[in-house]
Amino acid sequence: MSDSATPADDSATPADHSATPADRIADGYAFTGPALDLGALLWDGACLPGKQIRIPLSMLNRHGLVAGATGTGKTKTLQLVAEQLSAQGVPVFLADIKGDVSGVSAPGTPGEKVTERAREVGQEWEPAGCPTEFYALGGLGTGIPVRATVTSFGPVLLSKVLQLNQTQEQSLGLIFHYADAKGLELVDLKDLRAVVAFLVSDRGKAELKGIGGLSTVTAGVILRALTAFEQQGAGAFFGEPEFDTSEFLRTAADGRGLVSVLELPAVQDRPQLFSTFLMWLLADLFHDLPEVGDLDRPKLVFFFDEAHLLFSGASKAFLASLTQTVRLIRSKGVGIFFVTQTPKDVPADVLAQLGNRIQHALRAFTPEDAKALRATVQTFPRSEYDLEELLTQLGTGEAVVTVLSEKGAPTPVAATRLRAPRSLMGPVEPGALEQAVKSSLLYARYAEAVDRESAYERISAEQAAAEAEAEAAAAEAEAAKEAGAAARTAPKQDRSLAEQVVGSGLFRSLARSIGTQLGREISRSVFGTARRRR
């Protein structure tokens, strides 16, 4: 009996009783295709280097969230993921707000802490940097200047930056519509100011009369907002040459993906500006890229740091456009990772589309913190952990992870001790950064701003011409009157003056301008962004 019972027990044990919770979690990350290595599983107070937590490369276009309190290691997580994506041939975009991401371009420095972390998580650590390009908004700071024309930036994003209300946003949209229809290129902010001022002038009011018009009060609010915006130094961000966002999709000669780092320390005190400008970069990519469906690897992974700034105070139109962009850009091969402190910083409609989650520690020092902690726990699938307790006890460089499997199903929640980045965990020397920028092939293309003829110059020229015509007509009328012909010629000259100023002045010139735009057109995306293309 005992001899026959023993084999039956042996055969039953593996199927029914041998799988521990740690085994079940680790099995959820046993992918067969290419994947990024995040770290080793944490279970029951121990780090298990034999149980690796990973994320499938093919699922990185399903978007993600990296969250956690300040100082918990979010930036190093971005660096870890970015360098592995680059090694797999996937380009990466990173926003460097504090100035400490530039180290991704240089090999890391060996040390006791790195060696100990590598041993704990079963990592074969070797120092390595990534091929990197550095950019700066409008050239403020060290980096290749990134500029946008006002026309391409569009009314929705500009309204967000200017903090306009819904009515003012709609009026700004009307102004852009008029400029688009008349072929008036809004290159910089002075172009926009000129169009606004014209549309509320005596000669310009009739232009929008048939589609609602522009009130003087609203125009005044917009003009004051533009003035305040320029006084903050924001005028440098708008102009030409306009940055081509396809530069972010490049790979290096050795096949590694290029890491594009947008240096933002010089503008970190203007969060509304840089967060909205990041959205323009993303919207412009969305506008240009073709549909590709599901790929074995993304074309680009875009990390959106300080994401809560993007959603704070956003209008309904802005949030609707943002949600639609996030939902649809996946099929164009772009993955987006929002980086913020808690999931509640991200609207529910957007959060629902983020399939990959890396949640660092949260603090519960106040009732509001405790509420945010409970809300965060509710956004995770069921797990083997007491997440409310675990999330307050994670150390620096540890996180709770759940991603999408190769079949698109959520993986088990896994507490993870993350690997150490192989690149430099800190900023590179300023001299090295400047040298990298100046030696880039893109520097000559974008470094010098260009101020060509656009709406401001054309409107100013037409106004000057109209005034000159009016003065000439008035002088002619006065001369005719002195000659005794005033009674006979004045009505005719009055009519001629009206025709010159109204009929043949700026209005006719604007109509002619449509003909000068042959081969060019404006098509605006869901975000109102546009780019004139030949």
Side-chain angles (χ1 to χ4, degrees), residues 36-43 45 47-49 52-55 60 64-86 92 94-104 106 108-123 125 127-128 130 259 261 301 303-308 337-343 345-346 354 356-365 369 372-373 376-377 380 385 387 389-403 413-427:
L36 309 186
D37 295 311
L38 296 179
L41 180 68
L42 289 171
W43 180 257
C47 183
L48 308 176
Q52 291 293 307
I53 304 303
R54 311 163 73 216
I55 178 171
L60 282 162
L65 177 73
V66 179
T70 301
T72 56
K74 297 192 298 295
T75 300
K76 298 301 176 284
T77 297
L78 303 190
Q79 198 168 334
L80 172 67
V81 174
E83 63 189 24
Q84 291 190 67
L85 284 167
S86 174
V92 178
L94 291 171
D96 186 9
I97 293 174
K98 298 185 290 291
D100 54 1
V101 181
S102 59
V104 74
T109 304
E112 290 185 12
K113 289 185 177 180
V114 171
T115 302
E116 178 64 16
R117 175 59 64 102
R119 184 191 62 78
E120 290 174 346
V121 301
Q123 176 186 9
W125 189 90
C130 302
V259 179
V261 178
V301 176
F303 289 92
F304 211 126
D305 206 356
E306 300 291 343
H308 64 282
F337 275 72
F338 292 102
V339 185
T340 188
Q341 294 204 356
T342 72
D345 293 335
V346 181
L354 310 183
N356 304 298
R357 301 275 298 279
I358 303 175
Q359 176 68 60
H360 288 266
L362 291 174
R363 308 303 180 213
F365 299 136
D369 291 342
L373 174 61
T376 298
V377 170
F380 279 89
Y385 300 92
L387 285 180
E389 179 181 359
L390 176 63
L391 285 173
T392 61
Q393 296 179 350
L394 291 171
T396 301
E398 297 176 349
V400 170
V401 175
T402 179
V403 301
V413 175
T416 308
R417 182 162 293 163
L418 299 167
R419 292 185 169 213
R422 298 170 62 193
S423 53
L424 182 65
M425 290 188 280

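What you see is a predicted model; the values in this text were computed from it and never measured.
Residues forming a side-chain contact (heavy atoms from CB on, under 4.5 Å) with A414 (at least two apart in sequence, or on another chain): I25, Y29, L41, I53, T416. W125 pairs by the ring pair (Phe, Tyr, Trp, His ring centres under 6.0 Å) definition with nothing, not counting sequence neighbours. Under the rule for a side chain to side chain donor-acceptor pair (under 3.5 Å), E112 has no partner lying at least two apart in sequence or in another chain. Contacts of R357 classified as side chain to side chain donor-acceptor pair (under 3.5 Å), with partners at least two apart in sequence or in another chain: T379. Taking the ring pair (Phe, Tyr, Trp, His ring centres under 6.0 Å) definition, one finds that F380 meets it with nothing, sequence neighbours left out. With sequence neighbours left out, the side-chain contact (heavy atoms from CB on, under 4.5 Å) criterion links D37 to R54, Q84, R419. Residues meeting the side chain to side chain donor-acceptor pair (under 3.5 Å) test with Q79, sequence neighbours left out: S423. In this view, E306 satisfies the salt bridge (charged side-chain N to carboxylate O under 4.0 Å, His left out) rule with no residue, not counting sequence neighbours. Partners of F338 according to the ring pair (Phe, Tyr, Trp, His ring centres under 6.0 Å) rule, which considers only residues two or more places apart in sequence or in another chain, are F304, F311. Remark: N356 engages no residue in a side chain to side chain donor-acceptor pair (under 3.5 Å) (not counting sequence neighbours). Not counting sequence neighbours, the partners of T72 by the side-chain contact (heavy atoms from CB on, under 4.5 Å) test are A69, K74, H360, A361, R363. Taking the side-chain contact (heavy atoms from CB on, under 4.5 Å) definition, one finds that K113 meets it with nothing, sequence neighbours left out.
Here the OG-CG distance, from S102 to L94, works out to 11.0 Å after rounding to the nearest 0.5 Å. One finds the CG atom of L85 at 5.0 Å from the CG atom of L36 (value rounded to the nearest 0.5 Å).
Counting only heavy atoms from C-beta outward, the side chains of L424 and V104 never approach each other to under 4.5 Å. Between L65 and I358 the shortest side-chain heavy-atom distance does not fall below 4.5 Å. The closest side-chain heavy-atom distance from K76 to M425 is below 4.5 Å. Side chains of L48 and L42 form no contact here, defined as non-hydrogen atoms less than 4.5 Å apart. Here the side chains of P127 and T109 are not in contact, with every heavy-atom distance at 4.5 Å or above. Taking 4.5 Å as the limit, every side-chain heavy atom of L418 sits out of range of all side-chain heavy atoms of V121. Under the 4.5 Å side-chain criterion, counting only non-hydrogen atoms from C-beta, T340 is in contact with V346. At a threshold of 4.5 Å between non-hydrogen side-chain atoms, the residues D305 and V101 do not count as touching.
With 3.5 Å as the limit, one finds no donor-acceptor pair spanning the side chains of T376 and Q359.
Considering every non-hydrogen atom in both V92 and S86, the closest pair reads CG2-N, 4.5 Å. Contact record, A420 with L80: O-CD1, 4.2 Å, taken as the closest heavy-atom pair. The shortest non-hydrogen separation linking R117 to T396 is NH2-O, 3.4 Å. Here the closest non-hydrogen pair linking A40 and Q52 is CB-NE2, 4.0 Å. Contact between L354 and G64 at its shortest, heavy atoms only, is CD1-O, 3.8 Å. Of all non-hydrogen atoms in C130 and V259, the two that sit nearest each other are CB-CG2, 3.9 Å.
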(message) As a quick check of understanding, evaluate side chain to side chain contact (heavy atoms under 4.5 Å, CB included) for T392 and L362, giving each step before the final call.
(response) CA-CA 5 Å; T392 61; L362 291 174; 5.6 Å; no
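With D96 contributing its side chain and D100 its backbone, the two residues share a donor-acceptor pair below 3.5 Å.
Between R417 and E398, at least one side-chain N (NZ, or NE/NH1/NH2) sits under 4.0 Å from a carboxylate O, which counts as a salt bridge.
Each of V66, L78, T77 was evaluated against F337; a single residue qualifies, V66, per the side chain to side chain contact (heavy atoms under 4.5 Å, CB included) test.
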